[in-house]
Number of protein chains: 2
Amino acid sequence: MSLATDAADKPTLYKRIRADIEKRILTGEWPPGHRIPFEHELVARYGCSRMTVNKALSELAQADLIERRRRAGSFVRRPQHQSAVLKIADIRAEITALGRGYGYELISRKLRAATAADRERLGVKKAGKVVSIACRHSADNVPFAVEDRLIDLASVPNAATADFSREPPGSWLLHHVPWTEAEHTISAIVADDRTAEALDIAVGAPCLVIDRYTWRSARTITAVRLLYPGDSHRLVARFKGG
Amino acid sequence: MSLATDAADKPTLYKRIRADIEKRILTGEWPPGHRIPFEHELVARYGCSRMTVNKALSELAQADLIERRRRAGSFVRRPQHQSAVLKIADIRAEITALGRGYGYELISRKLRAATAADRERLGVKKAGKVVSIACRHSADNVPFAVEDRLIDLASVPNAATADFSREPPGSWLLHHVPWTEAEHTISAIVADDRTAEALDIAVGAPCLVIDRYTWRSARTITAVRLLYPGDSHRLVARFKGG
DNA sequence: TACGATTATATGTCTAGACATATAAGTCAA
DNA sequence: TTGACTTATATGTCTAGACATATAATCGTA
(Lines give C-alpha, C1' and ligand atoms only; values in the text may rest on other atoms or scores of the structure.)
Protein backbone atom coordinates (compact mmCIF):
# COMPACT_ATOMS: atom_id res chain seq x y z
CA MET A 1 0.00 0.00 0.00
CA SER A 2 1.00 3.60 -0.29
CA LEU A 3 0.61 4.50 3.36
CA ALA A 4 3.49 5.77 5.46
CA THR A 5 6.31 5.03 3.08
CA ASP A 6 8.01 8.33 3.78
CA ALA A 7 6.03 9.53 6.75
CA ALA A 8 9.02 11.07 8.43
CA ASP A 9 7.26 14.27 9.48
CA LYS A 10 3.80 12.80 9.02
CA PRO A 11 1.99 15.25 6.77
CA THR A 12 -1.75 15.04 6.87
CA LEU A 13 -3.47 12.89 4.33
CA TYR A 14 -5.08 15.60 2.25
CA LYS A 15 -1.76 17.40 2.03
CA ARG A 16 -0.11 14.23 0.84
CA ILE A 17 -2.76 13.76 -1.80
CA ARG A 18 -2.31 17.36 -2.90
CA ALA A 19 1.47 17.01 -2.98
CA ASP A 20 1.27 13.75 -4.93
CA ILE A 21 -0.86 15.36 -7.62
CA GLU A 22 1.21 18.53 -7.67
CA LYS A 23 4.34 16.45 -8.19
CA ARG A 24 2.91 14.66 -11.18
CA ILE A 25 1.92 17.95 -12.70
CA LEU A 26 5.32 19.45 -12.02
CA THR A 27 7.24 16.59 -13.51
CA GLY A 28 5.09 16.67 -16.59
CA GLU A 29 3.80 13.16 -15.97
CA TRP A 30 0.34 14.69 -16.13
CA PRO A 31 0.62 17.38 -18.82
CA PRO A 32 -1.78 20.29 -19.28
CA GLY A 33 -5.19 19.02 -20.28
CA HIS A 34 -4.67 15.66 -18.63
CA ARG A 35 -7.64 14.43 -16.66
CA ILE A 36 -6.61 13.57 -13.15
CA PRO A 37 -8.35 10.64 -11.42
CA PHE A 38 -11.94 11.13 -10.34
CA GLU A 39 -12.60 11.79 -6.70
CA HIS A 40 -14.04 8.32 -6.20
CA GLU A 41 -10.89 6.80 -7.70
CA LEU A 42 -8.69 8.76 -5.33
CA VAL A 43 -10.96 7.76 -2.48
CA ALA A 44 -10.32 4.13 -3.41
CA ARG A 45 -6.59 4.67 -3.88
CA TYR A 46 -6.02 6.46 -0.58
CA GLY A 47 -8.70 4.68 1.37
CA CYS A 48 -10.26 7.84 2.74
CA SER A 49 -13.54 9.71 2.52
CA ARG A 50 -14.48 11.88 -0.41
CA MET A 51 -14.30 15.07 1.65
CA THR A 52 -10.60 14.48 2.13
CA VAL A 53 -9.73 14.20 -1.53
CA ASN A 54 -12.20 17.00 -2.24
CA LYS A 55 -10.24 19.28 0.04
CA ALA A 56 -7.00 18.42 -1.72
CA LEU A 57 -8.50 19.03 -5.17
CA SER A 58 -10.25 22.22 -4.08
CA GLU A 59 -6.97 23.71 -2.94
CA LEU A 60 -5.28 22.76 -6.19
CA ALA A 61 -8.15 24.43 -8.02
CA GLN A 62 -7.88 27.55 -5.88
CA ALA A 63 -4.19 27.69 -6.73
CA ASP A 64 -5.08 27.45 -10.44
CA LEU A 65 -3.12 24.26 -10.94
CA ILE A 66 -6.17 22.32 -11.97
CA GLU A 67 -9.56 23.12 -13.37
CA ARG A 68 -12.62 21.28 -12.18
CA ARG A 69 -15.57 20.63 -14.46
CA ARG A 70 -18.80 19.06 -13.34
CA ARG A 71 -19.58 15.72 -14.80
CA ALA A 72 -16.32 15.84 -16.76
CA GLY A 73 -13.63 15.64 -14.09
CA SER A 74 -10.59 17.65 -13.04
CA PHE A 75 -7.95 18.72 -15.53
CA VAL A 76 -4.41 20.02 -15.37
CA ARG A 77 -4.33 23.66 -16.40
CA ARG A 78 -1.71 24.93 -18.74
CA PRO A 79 1.04 26.96 -17.09
CA GLN A 80 0.38 30.66 -17.00
CA HIS A 81 3.84 32.00 -17.61
CA GLN A 82 2.62 35.54 -17.70
CA SER A 83 1.45 35.75 -14.13
CA ALA A 84 4.09 36.54 -11.56
CA VAL A 85 4.03 37.93 -8.08
CA LEU A 86 5.91 41.16 -7.78
CA LYS A 87 6.99 42.22 -4.34
CA ILE A 88 7.08 45.97 -4.13
CA ALA A 89 8.12 46.65 -0.59
CA ASP A 90 7.59 49.75 1.43
CA ILE A 91 10.82 51.63 0.80
CA ARG A 92 11.75 52.07 4.42
CA ALA A 93 11.18 48.35 5.04
CA GLU A 94 13.18 47.49 1.96
CA ILE A 95 16.18 49.55 2.97
CA THR A 96 16.23 48.40 6.57
CA ALA A 97 15.83 44.82 5.38
CA LEU A 98 19.05 45.34 3.45
CA GLY A 99 20.73 46.31 6.68
CA ARG A 100 21.31 49.85 5.52
CA GLY A 101 20.50 53.09 7.26
CA TYR A 102 17.23 54.59 6.13
CA GLY A 103 17.05 58.31 5.52
CA TYR A 104 14.05 60.40 4.64
CA GLU A 105 13.73 63.97 3.56
CA LEU A 106 10.60 65.95 2.77
CA ILE A 107 11.23 68.20 -0.18
CA SER A 108 7.85 69.88 -0.46
CA ARG A 109 4.30 69.55 0.76
CA LYS A 110 1.43 71.51 -0.67
CA LEU A 111 -2.25 71.47 0.13
CA ARG A 112 -4.37 72.75 -2.72
CA ALA A 113 -7.66 72.47 -4.54
CA ALA A 114 -7.28 69.78 -7.16
CA THR A 115 -6.22 71.12 -10.53
CA ALA A 116 -7.40 69.52 -13.74
CA ALA A 117 -4.06 67.71 -13.94
CA ASP A 118 -4.44 66.46 -10.38
CA ARG A 119 -7.91 65.15 -11.10
CA GLU A 120 -6.74 63.35 -14.17
CA ARG A 121 -3.83 61.84 -12.35
CA LEU A 122 -6.06 60.59 -9.55
CA GLY A 123 -8.78 59.51 -11.92
CA VAL A 124 -11.48 61.47 -10.11
CA LYS A 125 -14.05 63.80 -11.61
CA LYS A 126 -15.21 65.93 -8.74
CA ALA A 127 -13.20 68.87 -7.56
CA GLY A 128 -11.71 68.53 -4.12
CA LYS A 129 -8.59 69.11 -2.12
CA VAL A 130 -5.35 67.22 -2.51
CA VAL A 131 -1.99 67.05 -0.82
CA SER A 132 1.01 67.07 -3.10
CA ILE A 133 4.23 65.71 -1.67
CA ALA A 134 7.75 65.44 -2.98
CA CYS A 135 10.30 63.57 -0.90
CA ARG A 136 13.46 61.57 -1.06
CA HIS A 137 14.49 58.25 0.44
CA SER A 138 18.11 57.36 1.00
CA ALA A 139 20.11 54.34 2.07
CA ASP A 140 23.27 55.04 4.06
CA ASN A 141 22.95 58.66 2.99
CA VAL A 142 22.99 57.74 -0.69
CA PRO A 143 19.85 58.75 -2.60
CA PHE A 144 17.72 55.67 -3.13
CA ALA A 145 14.52 56.97 -4.66
CA VAL A 146 12.59 60.16 -5.17
CA GLU A 147 8.87 60.19 -4.65
CA ASP A 148 6.21 62.44 -6.10
CA ARG A 149 2.83 61.80 -4.52
CA LEU A 150 -0.71 63.07 -4.62
CA ILE A 151 -3.21 62.18 -1.91
CA ASP A 152 -6.94 62.64 -2.38
CA LEU A 153 -8.23 64.34 0.77
CA ALA A 154 -11.78 63.33 -0.06
CA SER A 155 -10.74 59.75 0.65
CA VAL A 156 -8.15 60.40 3.33
CA PRO A 157 -9.16 63.59 5.15
CA ASN A 158 -6.70 63.28 8.01
CA ALA A 159 -3.79 63.31 5.60
CA ALA A 160 -4.27 67.08 5.66
CA THR A 161 -2.85 67.31 9.16
CA ALA A 162 -0.39 64.42 9.07
CA ASP A 163 3.22 65.35 9.66
CA PHE A 164 5.07 64.18 6.59
CA SER A 165 8.26 65.89 7.57
CA ARG A 166 9.19 62.95 9.75
CA GLU A 167 7.21 60.00 8.47
CA PRO A 168 7.22 59.10 4.77
CA PRO A 169 3.73 59.32 3.28
CA GLY A 170 3.88 55.70 2.13
CA SER A 171 4.40 54.45 5.67
CA TRP A 172 1.80 56.83 7.03
CA LEU A 173 -0.79 55.65 4.54
CA LEU A 174 0.07 52.02 5.20
CA HIS A 175 -0.79 52.53 8.84
CA HIS A 176 -3.78 54.81 8.45
CA VAL A 177 -5.66 53.51 5.44
CA PRO A 178 -7.23 50.09 5.95
CA TRP A 179 -7.21 47.89 2.92
CA THR A 180 -6.36 48.86 -0.58
CA GLU A 181 -6.02 47.78 -4.11
CA ALA A 182 -3.23 49.09 -6.25
CA GLU A 183 -2.03 49.15 -9.79
CA HIS A 184 1.60 49.55 -10.65
CA THR A 185 3.02 50.62 -13.95
CA ILE A 186 6.70 50.07 -14.47
CA SER A 187 8.68 51.87 -17.11
CA ALA A 188 12.10 53.32 -17.79
CA ILE A 189 13.22 56.86 -18.43
CA VAL A 190 16.50 58.71 -18.52
CA ALA A 191 17.22 61.21 -15.79
CA ASP A 192 16.53 64.84 -16.56
CA ASP A 193 18.35 67.66 -14.77
CA ARG A 194 16.09 67.77 -11.77
CA THR A 195 15.95 64.00 -11.30
CA ALA A 196 19.68 63.64 -11.78
CA GLU A 197 20.32 66.19 -9.07
CA ALA A 198 17.84 64.64 -6.66
CA LEU A 199 19.24 61.15 -7.11
CA ASP A 200 22.82 62.31 -7.42
CA ILE A 201 23.31 60.54 -10.72
CA ALA A 202 24.36 61.73 -14.16
CA VAL A 203 21.91 63.41 -16.49
CA GLY A 204 20.92 60.75 -19.01
CA ALA A 205 21.40 57.84 -16.61
CA PRO A 206 18.64 55.22 -16.71
CA CYS A 207 15.89 55.33 -14.10
CA LEU A 208 13.31 52.76 -13.20
CA VAL A 209 9.89 54.33 -12.77
CA ILE A 210 7.06 52.91 -10.70
CA ASP A 211 3.72 54.63 -10.96
CA ARG A 212 1.32 53.35 -8.36
CA TYR A 213 -2.37 54.10 -8.09
CA THR A 214 -4.05 53.04 -4.91
CA TRP A 215 -7.74 52.88 -4.19
CA ARG A 216 -10.26 51.24 -1.95
CA SER A 217 -13.51 50.03 -3.48
CA ALA A 218 -13.57 52.54 -6.33
CA ARG A 219 -12.32 55.42 -4.18
CA THR A 220 -8.98 56.78 -5.25
CA ILE A 221 -6.61 57.22 -2.37
CA THR A 222 -3.26 58.19 -3.77
CA ALA A 223 -1.13 58.30 -6.89
CA VAL A 224 2.62 58.11 -6.57
CA ARG A 225 5.59 58.12 -8.90
CA LEU A 226 8.82 56.63 -7.66
CA LEU A 227 12.09 57.11 -9.48
CA TYR A 228 15.00 54.80 -8.81
CA PRO A 229 18.49 54.82 -10.27
CA GLY A 230 18.02 52.13 -12.89
CA ASP A 231 21.41 50.56 -12.73
CA SER A 232 21.33 49.95 -9.01
CA HIS A 233 17.71 49.15 -8.32
CA ARG A 234 16.00 45.97 -9.33
CA LEU A 235 12.52 44.60 -8.92
CA VAL A 236 12.08 40.92 -8.41
CA ALA A 237 8.91 39.09 -9.35
CA ARG A 238 8.50 35.45 -8.64
CA PHE A 239 6.06 33.18 -10.33
CA LYS A 240 3.77 30.97 -8.29
CA GLY A 241 4.77 29.75 -4.93
CA GLY A 242 7.75 30.61 -2.81
CA MET B 1 -32.95 34.82 10.44
CA SER B 2 -30.29 35.79 8.01
CA LEU B 3 -31.20 33.34 5.30
CA ALA B 4 -32.18 34.45 1.84
CA THR B 5 -32.44 38.18 2.45
CA ASP B 6 -30.69 39.02 -0.80
CA ALA B 7 -30.62 35.61 -2.42
CA ALA B 8 -31.01 36.98 -5.90
CA ASP B 9 -28.38 34.71 -7.45
CA LYS B 10 -28.26 32.40 -4.43
CA PRO B 11 -24.61 32.13 -3.54
CA THR B 12 -23.75 29.16 -1.42
CA LEU B 13 -23.55 29.64 2.29
CA TYR B 14 -19.80 29.26 2.73
CA LYS B 15 -19.24 31.77 -0.04
CA ARG B 16 -21.55 34.22 1.66
CA ILE B 17 -19.69 33.80 4.92
CA ARG B 18 -16.41 34.36 3.12
CA ALA B 19 -17.74 37.42 1.32
CA ASP B 20 -19.16 38.88 4.52
CA ILE B 21 -15.82 38.64 6.26
CA GLU B 22 -13.92 39.87 3.24
CA LYS B 23 -16.15 42.92 3.08
CA ARG B 24 -15.53 43.85 6.69
CA ILE B 25 -11.81 43.57 6.13
CA LEU B 26 -11.99 45.64 2.97
CA THR B 27 -13.98 48.42 4.51
CA GLY B 28 -11.63 48.61 7.44
CA GLU B 29 -14.34 47.65 9.91
CA TRP B 30 -12.06 44.84 10.95
CA PRO B 31 -8.55 46.34 10.76
CA PRO B 32 -5.32 44.35 10.55
CA GLY B 33 -4.75 42.42 13.74
CA HIS B 34 -8.46 42.26 14.55
CA ARG B 35 -9.62 38.88 15.76
CA ILE B 36 -12.51 37.68 13.69
CA PRO B 37 -15.23 35.65 15.42
CA PHE B 38 -14.39 32.13 16.45
CA GLU B 39 -15.68 29.32 14.32
CA HIS B 40 -18.25 28.34 16.92
CA GLU B 41 -19.53 31.93 17.01
CA LEU B 42 -19.94 31.96 13.24
CA VAL B 43 -21.62 28.58 13.44
CA ALA B 44 -24.13 30.12 15.84
CA ARG B 45 -24.54 33.27 13.73
CA TYR B 46 -25.12 31.48 10.44
CA GLY B 47 -26.80 28.42 11.87
CA CYS B 48 -24.63 25.95 10.01
CA SER B 49 -22.10 23.28 10.79
CA ARG B 50 -18.52 24.02 11.67
CA MET B 51 -17.22 22.47 8.44
CA THR B 52 -19.00 25.17 6.50
CA VAL B 53 -17.45 28.11 8.32
CA ASN B 54 -14.17 26.23 8.37
CA LYS B 55 -14.21 26.09 4.60
CA ALA B 56 -14.84 29.82 4.36
CA LEU B 57 -12.04 30.64 6.79
CA SER B 58 -9.64 28.20 5.19
CA GLU B 59 -10.05 29.89 1.84
CA LEU B 60 -9.50 33.31 3.36
CA ALA B 61 -6.36 31.95 4.97
CA GLN B 62 -5.17 30.47 1.70
CA ALA B 63 -5.69 33.87 0.11
CA ASP B 64 -3.57 35.46 2.87
CA LEU B 65 -6.37 37.71 4.02
CA ILE B 66 -6.43 36.20 7.47
CA GLU B 67 -4.05 34.28 9.63
CA ARG B 68 -5.24 31.36 11.71
CA ARG B 69 -3.61 30.51 15.01
CA ARG B 70 -4.52 27.50 17.08
CA ARG B 71 -6.07 28.21 20.40
CA ALA B 72 -5.88 31.95 19.68
CA GLY B 73 -8.29 32.45 16.79
CA SER B 74 -8.20 33.96 13.31
CA PHE B 75 -6.79 37.41 12.68
CA VAL B 76 -6.90 39.93 9.88
CA ARG B 77 -3.51 40.17 8.23
CA ARG B 78 -2.03 43.53 7.48
CA PRO B 79 -2.29 44.54 3.87
CA GLN B 80 0.73 43.51 1.90
CA HIS B 81 1.18 46.54 -0.27
CA GLN B 82 4.34 45.10 -1.62
CA SER B 83 2.74 42.08 -3.18
CA ALA B 84 1.31 42.67 -6.61
CA VAL B 85 0.47 40.41 -9.48
CA LEU B 86 2.50 41.21 -12.51
CA LYS B 87 1.23 39.93 -15.79
CA ILE B 88 4.11 39.29 -18.10
CA ALA B 89 2.48 37.99 -21.22
CA ASP B 90 4.01 35.93 -23.92
CA ILE B 91 5.19 38.59 -26.34
CA ARG B 92 3.34 37.25 -29.32
CA ALA B 93 0.14 37.05 -27.31
CA GLU B 94 0.71 40.55 -26.00
CA ILE B 95 1.16 42.07 -29.42
CA THR B 96 -1.74 40.27 -31.03
CA ALA B 97 -3.89 41.22 -28.04
CA LEU B 98 -3.11 44.85 -28.90
CA GLY B 99 -4.47 44.22 -32.38
CA ARG B 100 -1.10 44.73 -33.98
CA GLY B 101 0.74 42.55 -36.41
CA TYR B 102 3.28 40.29 -34.80
CA GLY B 103 6.64 39.86 -36.42
CA TYR B 104 9.46 37.57 -35.40
CA GLU B 105 13.01 37.33 -36.57
CA LEU B 106 15.71 34.92 -35.49
CA ILE B 107 19.03 36.71 -35.28
CA SER B 108 21.25 33.87 -34.21
CA ARG B 109 21.09 30.35 -32.83
CA LYS B 110 24.08 28.52 -31.46
CA LEU B 111 24.39 25.10 -29.90
CA ARG B 112 27.45 24.79 -27.72
CA ALA B 113 28.94 23.20 -24.64
CA ALA B 114 28.11 25.46 -21.70
CA THR B 115 30.82 27.98 -20.97
CA ALA B 116 31.54 29.11 -17.44
CA ALA B 117 29.48 32.23 -18.13
CA ASP B 118 26.57 30.12 -19.41
CA ARG B 119 26.67 27.95 -16.32
CA GLU B 120 26.66 30.94 -14.06
CA ARG B 121 23.80 32.52 -15.93
CA LEU B 122 21.75 29.35 -15.72
CA GLY B 123 22.76 28.66 -12.15
CA VAL B 124 23.94 25.14 -12.89
CA LYS B 125 27.18 23.51 -11.87
CA LYS B 126 27.58 20.59 -14.19
CA ALA B 127 28.89 21.05 -17.68
CA GLY B 128 26.39 20.36 -20.45
CA LYS B 129 25.10 21.65 -23.70
CA VAL B 130 23.08 24.80 -24.19
CA VAL B 131 21.29 26.60 -26.98
CA SER B 132 21.90 30.31 -27.23
CA ILE B 133 19.34 32.32 -29.11
CA ALA B 134 19.07 35.95 -30.09
CA CYS B 135 15.89 37.15 -31.71
CA ARG B 136 13.66 40.15 -32.22
CA HIS B 137 9.94 40.68 -31.85
CA SER B 138 8.15 43.44 -33.66
CA ALA B 139 4.69 44.97 -33.72
CA ASP B 140 3.48 46.28 -37.07
CA ASN B 141 7.07 46.02 -38.28
CA VAL B 142 8.33 48.27 -35.52
CA PRO B 143 10.86 46.64 -33.18
CA PHE B 144 9.13 45.74 -29.96
CA ALA B 145 11.72 43.81 -28.00
CA VAL B 146 14.98 41.98 -28.42
CA GLU B 147 15.52 38.69 -26.72
CA ASP B 148 18.71 36.97 -25.63
CA ARG B 149 18.06 33.46 -24.39
CA LEU B 150 19.89 30.45 -23.09
CA ILE B 151 18.23 27.04 -22.88
CA ASP B 152 19.67 24.21 -20.81
CA LEU B 153 19.58 21.12 -23.00
CA ALA B 154 20.00 18.87 -19.98
CA SER B 155 16.49 19.92 -18.96
CA VAL B 156 14.98 20.39 -22.41
CA PRO B 157 16.78 18.01 -24.76
CA ASN B 158 14.42 18.41 -27.69
CA ALA B 159 15.14 22.14 -27.83
CA ALA B 160 18.24 21.08 -29.74
CA THR B 161 16.20 20.20 -32.79
CA ALA B 162 13.38 22.73 -32.46
CA ASP B 163 13.04 25.14 -35.34
CA PHE B 164 13.37 28.57 -33.80
CA SER B 165 13.53 30.32 -37.13
CA ARG B 166 9.76 30.34 -37.31
CA GLU B 167 8.50 29.96 -33.78
CA PRO B 168 9.80 32.20 -30.98
CA PRO B 169 11.57 30.19 -28.28
CA GLY B 170 9.23 31.55 -25.62
CA SER B 171 6.17 30.17 -27.37
CA TRP B 172 7.91 26.92 -28.13
CA LEU B 173 8.89 26.42 -24.50
CA LEU B 174 5.42 27.35 -23.32
CA HIS B 175 4.02 24.49 -25.37
CA HIS B 176 6.73 21.92 -24.78
CA VAL B 177 7.78 22.33 -21.18
CA PRO B 178 5.16 21.25 -18.65
CA TRP B 179 5.04 23.33 -15.51
CA THR B 180 7.49 25.92 -14.42
CA GLU B 181 8.46 28.42 -11.85
CA ALA B 182 10.07 31.67 -12.81
CA GLU B 183 11.80 34.65 -11.33
CA HIS B 184 11.79 38.01 -13.03
CA THR B 185 14.16 40.82 -12.38
CA ILE B 186 13.23 44.19 -13.77
CA SER B 187 15.70 46.98 -14.24
CA ALA B 188 16.52 49.88 -16.51
CA ILE B 189 19.48 50.54 -18.74
CA VAL B 190 20.33 52.91 -21.54
CA ALA B 191 20.70 51.53 -25.01
CA ASP B 192 24.21 50.78 -26.18
CA ASP B 193 25.10 50.77 -29.88
CA ARG B 194 24.01 47.23 -30.57
CA THR B 195 20.74 47.50 -28.66
CA ALA B 196 19.92 50.84 -30.21
CA GLU B 197 20.35 49.40 -33.65
CA ALA B 198 18.31 46.29 -32.92
CA LEU B 199 15.43 48.28 -31.43
CA ASP B 200 15.77 51.16 -33.86
CA ILE B 201 16.08 53.73 -31.12
CA ALA B 202 18.69 56.29 -30.24
CA VAL B 203 21.84 55.34 -28.40
CA GLY B 204 21.32 56.42 -24.80
CA ALA B 205 17.54 55.94 -24.90
CA PRO B 206 16.05 54.23 -21.84
CA CYS B 207 15.29 50.52 -22.00
CA LEU B 208 13.28 48.36 -19.70
CA VAL B 209 15.03 45.09 -18.97
CA ILE B 210 13.37 41.87 -17.90
CA ASP B 211 15.61 39.03 -16.86
CA ARG B 212 13.68 35.84 -16.42
CA TYR B 213 14.92 32.58 -14.98
CA THR B 214 12.69 29.60 -15.41
CA TRP B 215 13.02 26.25 -13.73
CA ARG B 216 11.06 23.19 -12.77
CA SER B 217 11.65 21.65 -9.37
CA ALA B 218 15.23 22.86 -9.04
CA ARG B 219 16.07 22.11 -12.67
CA THR B 220 16.98 25.18 -14.62
CA ILE B 221 15.23 25.38 -17.95
CA THR B 222 16.05 28.74 -19.46
CA ALA B 223 17.39 32.19 -18.79
CA VAL B 224 16.24 35.07 -20.92
CA ARG B 225 16.89 38.79 -21.13
CA LEU B 226 14.30 40.94 -22.82
CA LEU B 227 15.00 44.53 -23.76
CA TYR B 228 12.13 46.91 -24.47
CA PRO B 229 12.22 50.54 -25.50
CA GLY B 230 11.60 52.11 -22.10
CA ASP B 231 9.53 55.03 -23.18
CA SER B 232 7.00 52.98 -25.09
CA HIS B 233 6.73 49.79 -23.12
CA ARG B 234 5.11 49.50 -19.73
CA LEU B 235 4.51 46.69 -17.31
CA VAL B 236 1.36 46.66 -15.30
CA ALA B 237 1.09 44.92 -11.96
CA ARG B 238 -2.13 44.80 -10.07
CA PHE B 239 -2.46 44.20 -6.40
CA LYS B 240 -4.72 41.52 -5.03
CA GLY B 241 -7.93 40.70 -6.70
CA GLY B 242 -9.45 42.11 -9.81
C1' DT C 1 -28.64 14.20 -40.17
C1' DA C 2 -29.88 17.41 -36.81
C1' DC C 3 -32.04 18.60 -32.80
C1' DG C 4 -34.48 18.03 -28.43
C1' DA C 5 -35.37 15.40 -24.30
C1' DT C 6 -33.64 12.18 -20.96
C1' DT C 7 -30.30 10.07 -18.06
C1' DA C 8 -26.09 9.16 -15.81
C1' DT C 9 -22.41 10.97 -13.33
C1' DA C 10 -18.74 13.93 -11.30
C1' DT C 11 -18.35 17.73 -8.78
C1' DG C 12 -20.44 21.25 -5.23
C1' DT C 13 -22.08 21.89 -0.93
C1' DC C 14 -23.45 20.54 3.58
C1' DT C 15 -24.19 17.89 8.13
C1' DA C 16 -23.30 16.21 12.86
C1' DG C 17 -20.52 14.23 14.76
C1' DA C 18 -15.14 12.64 16.19
C1' DC C 19 -10.32 12.80 17.72
C1' DA C 20 -5.74 15.23 17.17
C1' DT C 21 -2.78 18.99 18.29
C1' DA C 22 -0.76 23.31 19.16
C1' DT C 23 -0.77 26.78 22.44
C1' DA C 24 -2.64 30.63 25.49
C1' DA C 25 -3.56 30.90 30.03
C1' DG C 26 -3.66 29.50 34.50
C1' DT C 27 -1.37 26.98 38.53
C1' DC C 28 2.10 25.94 41.52
C1' DA C 29 6.59 25.30 43.29
C1' DA C 30 11.49 26.94 43.62
C1' DT D 1 9.86 36.64 39.88
C1' DT D 2 10.72 32.91 37.29
C1' DG D 3 10.26 28.50 35.39
C1' DA D 4 7.86 24.05 34.91
C1' DC D 5 3.62 21.78 34.70
C1' DT D 6 -1.32 21.40 33.72
C1' DT D 7 -5.53 22.59 31.53
C1' DA D 8 -8.73 24.63 28.53
C1' DT D 9 -9.75 25.72 23.98
C1' DA D 10 -9.66 26.99 18.97
C1' DT D 11 -8.19 25.25 15.02
C1' DG D 12 -6.79 21.00 11.97
C1' DT D 13 -8.19 17.03 10.05
C1' DC D 14 -11.33 13.39 9.07
C1' DT D 15 -15.70 10.40 8.42
C1' DA D 16 -19.86 8.45 6.27
C1' DG D 17 -23.27 9.76 4.85
C1' DA D 18 -26.86 13.33 2.07
C1' DC D 19 -28.96 16.14 -1.59
C1' DA D 20 -28.09 19.70 -5.31
C1' DT D 21 -26.61 20.81 -9.85
C1' DA D 22 -24.30 21.25 -14.13
C1' DT D 23 -23.38 18.77 -18.09
C1' DA D 24 -21.52 14.91 -21.10
C1' DA D 25 -23.53 11.16 -23.20
C1' DT D 26 -27.27 8.71 -24.82
C1' DC D 27 -31.55 8.04 -26.96
C1' DG D 28 -35.43 9.24 -29.60
C1' DT D 29 -37.65 11.91 -32.97
C1' DA D 30 -38.36 15.02 -36.88
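Here is the naming used below: chain letters follow the sequence lines, and residue numbers restart at 1 for every chain.
Side-chain N/O atoms of A:S49 include none lying less than 4.0 angstrom from OP1 or OP2 on D:dG17.
Scanning for ring pair (Phe, Tyr, Trp, His ring centres under 6.0 Å) contacts around A:W215 gives an empty result, with sequence neighbours left out. Not counting sequence neighbours, B:R70 has no partner by the side chain to side chain contact (heavy atoms under 4.5 Å, CB included) test. Residues passing the salt bridge (charged side-chain N to carboxylate O under 4.0 Å, His left out) test with B:R119: none are found, sequence neighbours excluded. Remark: A:D140 engages A:R100 in a salt bridge (charged side-chain N to carboxylate O under 4.0 Å, His left out) (not counting sequence neighbours). By the ring pair (Phe, Tyr, Trp, His ring centres under 6.0 Å) test, B:H40 pairs with B:F38, sequence neighbours left out.
When the P atom of D:dC14 is taken as reference, atom CZ of A:R18 falls 11 Å away, rounded to whole Å.
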*Base versus backbone protein contacts along nucleotides 6-13 of chain D [heavy-atom cut-off under 4.0 Å; B, S, -]*: --BBBBBB

